[in-house]
Colleague: 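Submitted below is the structure of interest, expressed as structure tokens.
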Number of protein chains: 2
Amino acid sequence: MTASRALRGAPDVSRENIDKVERAARETGYVGNPLATAFSNSKSNLIGVVVPSLNNIVFAEVMSGIAQGIDGSGLKPMFGVTDYDPVKEFELIKSLLSWNPAGLILTGLDQSEETRDLLSVAAVPVVQIMDTDGDALGAAIGFSHFQAGREMAQALIARGRRRFGYVGCGLANDLRAGRRLEGFKSALDAAGLALVAMRHDPEHSSTEAGRRITAEILHAHPDLDCIYYSNDDVALGGVFSCLAQGIAVGDALLLAGFNGLEMTRTLPVRIATTITPRRQIGFAAGRYLVEAKQGAPMRPNHKTVLPTVLSLP
Amino acid sequence: MTASRALRGAPDVSRENIDKVERAARETGYVGNPLATAFSNSKSNLIGVVVPSLNNIVFAEVMSGIAQGIDGSGLKPMFGVTDYDPVKEFELIKSLLSWNPAGLILTGLDQSEETRDLLSVAAVPVVQIMDTDGDALGAAIGFSHFQAGREMAQALIARGRRRFGYVGCGLANDLRAGRRLEGFKSALDAAGLALVAMRHDPEHSSTEAGRRITAEILHAHPDLDCIYYSNDDVALGGVFSCLAQGIAVGDALLLAGFNGLEMTRTLPVRIATTITPRRQIGFAAGRYLVEAKQGAPMRPNHKTVLPTVLSLP
DNA sequence: ACTGGTATCGATACCGTTACCGATACCAGT
DNA sequence: ACTGGTATCGGTAACGGTATCGATACCAGT
């Protein structure tokens, strides 16, 4: 017991014994067994990270931020991919919870009823990242996608754009993209405008789809002066389509994406985009769980809205 | 004990008791405690995944493949990021090993001596992914970067290119990029050629750096007819630089990248690239550990070379 | 000398599961 | 009836820590 206390830095151990134990541990190459500790405490230093996809640089950056946020804390991240499937998400969270993790990082606020019940029973700190439109289970760290869509539309209208198209790509259950579109449309509506054309492709390959659909929508509606895309990957396809066809992007036709991928700043033409704080979101989520582990009070239903930045040509 | 055996599908349980136990488990909502199991067995169903970076879509895709490969097996991946730092890698692997994982997936074959010692002591299945140039600790699944560089150079020479430049970007300890360059140079050498110009930038932001350095190298060496890049991200910067300056890519100047990112196929100009089987590598690594868990024999020092595909304009 | 308080220490039990091994039941063969 | 084999079952200990709590030592105050 004295050794256990000494190595953990627990109180009630004399200076002398702390030194003795540390020396002995060093000499024998002793390393603790986190499995035994976790088993004994019914509480592990694992955290669960649940993302919908890893085919997109966005969630990789978030995970990179998480890794940074928990660095040095002793927490170890486990991850799982849901493919935007609520049932998979439920199963995944259930299996992560069985490890008695020190916390969970989930994507979005749209977990199923079943999942919410599961989480409310388990006394585990939960962070929901990327989104703040809705009711949070635990802490929510992200931004409003509705607002992001709205602000983009307002800025584009302020730049004199009037004939808007929308090009989406990806699974229909990417609810956050849906909310951006809703926000976008609400701002158009407020200005007495409406989408002139809208295309959606469930295809996975987003840049390729963006290129193809952009060509289609412009063929059908050559008078569009702005296209809003579900994200930058799709928008890049739009840029390439225009470049290939010799359409002057940014002038007659303005393209707007979402995420603020580095590449949008390096293109030979400028596009509009919303720069999202992905790494910071991951970092903050990681920090939150570190603090929770160290006994910081939970913040159920507390939303941390990180700023997004509009980048306009 | 009978219940434990029944739930695990172990032998020596009567049909009748299996049914009884399963019914009781369902009725009481019993779920096993993986921590206790792992503790009791000194063997967890966790696997460790160690990647150098998550700022690049490449490793995200690998992790996506891993997640797919282990799906349904009960294995759960833990991940860590080394930032290309061998010391961090050592510490990370040490801490992952303390969880008695069912396996480890490491990136590359260039672990430090200390790390190799650590792994040879631990009786844990190891898969080293992405690279097959060197000595494998366990199973190696990937391809030869040297060979990839060489094949690209040979193909470019066959297309009549003669005045080659190289533009690299990223940390100096990205050894795989270094080996591609070595392979590239060896093929040039074999053809009696040599690099006319070579630039390297340790900067992180690869597309932006690619754009800048391409402009520089072309300013200094306007007579280059081909530029080889450390990867597609950098090459895309090169494409954007040329597009911005009105240089005809693919004609007077051929650009060659590496990885075969989807975007290289969607650009308004074609570039050369080596399509790498990233997802398959992750998938195969995951499968290997699943099979190891199920008792398949280890394949120490066994290399699985997956094919890369040259994509040329 | 006695009391009460504080600092430190360590024996014991327990966390939930599984390895191990002995017990039991039943059957076929003699 | 007895033996040996097979199928099944469950008691016990063990995995490596930590919570708990009683024991001990020492000191100050009376």
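Hydrogens, waters and symmetry mates are skipped; everything else that's a heavy atom, side chains included, is used. Because the structure is predicted, anything quoted here is derived from the model rather than measured.
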Colleague: Go nucleotide by nucleotide along DNA chain C from the 5' end; which of A:Arg15 and B:Gly32 gets its closest nucleotide reached first?
Modeller: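 Taking each residue's closest nucleotide, the earlier one in sequence belongs to A:Arg15.
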Colleague: Look at the side-chain N and O atoms of A:Ser40 and state whether any lies under 4.0 Å from the OP1 or OP2 oxygen of D:dG16.
Modeller: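 So the side chain of A:Ser40 is outside the cut-off, no N or O lying under 4.0 Å from OP1 or OP2 of D:dG16.
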Colleague: Rounded to whole Å, please give me the gap between CZ in A:Phe39 and P in D:dA14.
Modeller: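 Those two atoms, CZ and P, are 15 Å apart.
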Colleague: Whole angstrom is fine here: how far is it from CG in A:Leu35 over to P in C:dC15?
Modeller: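 In whole Å, C:dC15 P lies 18 Å from A:Leu35 CG.
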Colleague: Check the phosphate of C:dC15 against A:Ser42, side-chain N and O only, distance under 4.0 Å to OP1 or OP2. Yes or no?
Modeller: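 Checking C:dC15 against A:Ser42, no side-chain N or O comes under 4.0 Å of OP1 or OP2.
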Colleague: Hey, does the side chain of A:Arg8 come within less than 4.0 Å of D:dG16's phosphate (OP1/OP2), counting only N and O?
Modeller: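 No.
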Colleague: Grab the CG-P distance between A:Asp19 and C:dT8 for me, whole Å please.
Modeller: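 To the nearest whole Å, that distance equals 13 Å.
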Colleague: Backbone N or O of B:Ile70 within a donor-acceptor pair of the B:Ser73 side chain at under 3.5 Å?
Modeller: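 Indeed, once roles are kept as given, a pair shorter than 3.5 Å links the two residues.
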Colleague: Just how far, in rounded Å, is C1' of D:dG10 from NZ of B:Lys20?
Modeller: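 Between C1' of D:dG10 and NZ of B:Lys20: 13 Å.
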Colleague: Find the distance between CG (A:Asp233) and CG (A:Asn259) and round it off to the nearest 0.5 Å.
Modeller: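 One finds 7.5 Å between CG of A:Asp233 and CG of A:Asn259.
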Colleague: Do B:Arg15 and B:Asp19 sit within salt-bridge range, that is, some charged N less than 4.0 Å from a carboxylate O?
Modeller: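 Yes.
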Colleague: If the threshold is 4.0 Å, N to carboxylate O, is there a salt bridge linking A:Arg179 and A:Asp110?
Modeller: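 Salt bridge: yes.
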Colleague: Roughly how many Å is it from CG in B:Leu7 to P in C:dG16, rounded to a whole number?
Modeller: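 These atoms are roughly 16 Å apart.
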Colleague: Starting from C1' on C:dA23, measure out to CE on B:Met1 and report it in whole angstrom.
Modeller: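 Between C1' of C:dA23 and CE of B:Met1: 15 Å.
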Colleague: Using purine N1 to pyrimidine N3 plus N6-O4 or O6-N4 for Watson-Crick, or N1-O2 and O6-N3 for G-U wobble, each under 3.5 Å, what pairs with C:dA13?
Modeller: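 With both distances under 3.5 Å, C:dA13 matches D:dT18.
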Colleague: Roughly, in whole Å, what's the span from CG in A:Asn33 to P in D:dG17?
Modeller: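 My rounded result for the distance is 5 Å.
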Colleague: Answer yes or no: is there an ion pair linking A:Asp12 with A:Arg5, defined by an N-O contact shorter than 4.0 Å?
Modeller: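 Between A:Arg5 and A:Asp12 there is no salt bridge, as every charged N stays at least 4.0 Å from the carboxylate O atoms.
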Colleague: Determine: side-chain N/O of B:Ser4 to OP1/OP2 of C:dT17, distance under 4.0 Å, yes or no.
Modeller: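 Checking C:dT17 against B:Ser4, no side-chain N or O comes under 4.0 Å of OP1 or OP2.
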Colleague: Between B:Asn17 and A:Val31, which residue's closest nucleotide on DNA chain D lies nearer the 5′ terminus?
Modeller: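 Taking each residue's closest nucleotide, the earlier one in sequence belongs to B:Asn17.
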Colleague: So which nucleotide from D:dT8, C:dG16, C:dA19 ends up closest to the side chain of B:Asn41?
Modeller: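 In terms of side-chain proximity for B:Asn41, the closest of D:dT8, C:dG16, C:dA19 is C:dA19.
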Colleague: Using whole Å, report how far CG of B:Asp12 lies from P of C:dA19.
Modeller: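 Distance, rounded to whole Å: 12 Å.
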Colleague: Tell me which nucleotide among C:dT8, D:dC9, C:dT17 gets nearest to the side chain of B:Thr37.
Modeller: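 Nearest to the side chain of B:Thr37 among the choices is C:dT17.
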Colleague: What is the pairing partner of D:dT30, taking Watson-Crick or G-U wobble pairs with both distances under 3.5 Å in any strand?
Modeller: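 Across all strands, the one nucleotide that pairs with D:dT30 is C:dA1.
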Colleague: Is there a donor and acceptor pair closer than 3.5 Å between the side chain of B:Arg5 and the base of D:dG10?
Modeller: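 Yes, a donor-acceptor pair under 3.5 Å.
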